[in-house]
Amino acid sequence: MAFDAKALRVAALAKKNDTTAAAIARRIGIPYGTVIRWTSGRSVPAGPALAAIERAYGVTAADLFPADA
């Protein structure tokens with residue numbers, strides 16, 4: 001099971017029209033560099049950050065960590 005950064009970007013665009021890593025970071029209240037690490041595959045969201053993504057964009061952990069990825 002791997003983090004699907006594309007699912008985050010798609011949800012951010014579709015639900016809140018957030019088109020950049022900076023916009024995602026502002027929306028969920030975390031550092032820009034953290035979002036860059038997620039989207040580049042160097043890190044994955046966990047704990048409070050994952051919960052913030054779920055609240056902000058209406059996605060679940062299963063959406064972001066699909067079993068077939």
Side-chain angles (χ1 to χ4, degrees):
M1 188 169 7
F3 175 65
D4 184 1
K6 182 179 178 185
L8 172 58
R9 290 190 303 268
V10 168
L13 178 61
K15 310 258 171 132
K16 301 289 184 174
N17 204 30
D18 290 342
T19 59
T20 65
I24 293 169
R26 276 191 304 273
R27 172 109 30 217
I28 62 176
I30 57 140
Y32 167 77
T34 300
V35 175
I36 291 298
R37 285 190 293 280
W38 295 343
T39 58
S40 68
R42 293 181 301 186
S43 181
V44 299
L50 183 57
I53 293 168
E54 292 172 341
R55 283 190 304 272
Y57 298 117
V59 295
T60 66
D63 297 326
L64 299 173
F65 292 90
D68 60 343

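Sequence positions, counted from 1, serve as the residue numbers for this chain. It should be emphasised that the depicted structure is a prediction, and the values quoted were computed from it without experimental measurement.
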Donor on one side chain, acceptor on other, Tyr57 and Asp18, under 3.5 Å: yes
Ile30 vs Trp38, side chain to side chain contact (heavy atoms under 4.5 Å, CB included): CA-CA, chis, key distance, verdict: CA-CA 12 Å; Ile30 57 140; Trp38 295 343; 3.4 Å; yes
Closest non-hydrogen atom pair, Val59 against Ile53: CG2-CG2, 3.9 Å
Nearest heavy-atom neighbours spanning Ala2 and Pro66: O-CD, 3.7 Å
Which atom of Phe65 lies closest to which atom of Pro45, heavy atoms considered: CZ-O, 3.6 Å
Residue pair Glu54 / Ala61: nearest heavy atoms and the distance that separates them: OE2-N, 3.0 Å
Co-membership, hydrophobic cluster, residues Ile36 and Ile28, 4.5 Å side-chain: no
Interatomic spacing from CG in Leu13 to OG1 in Thr20 - rounded to 0.5 Å: 10.5 Å
Single-linkage hydrophobic cluster, 4.5 Å side-chain cutoff, Ile24 and Val44 together: yes
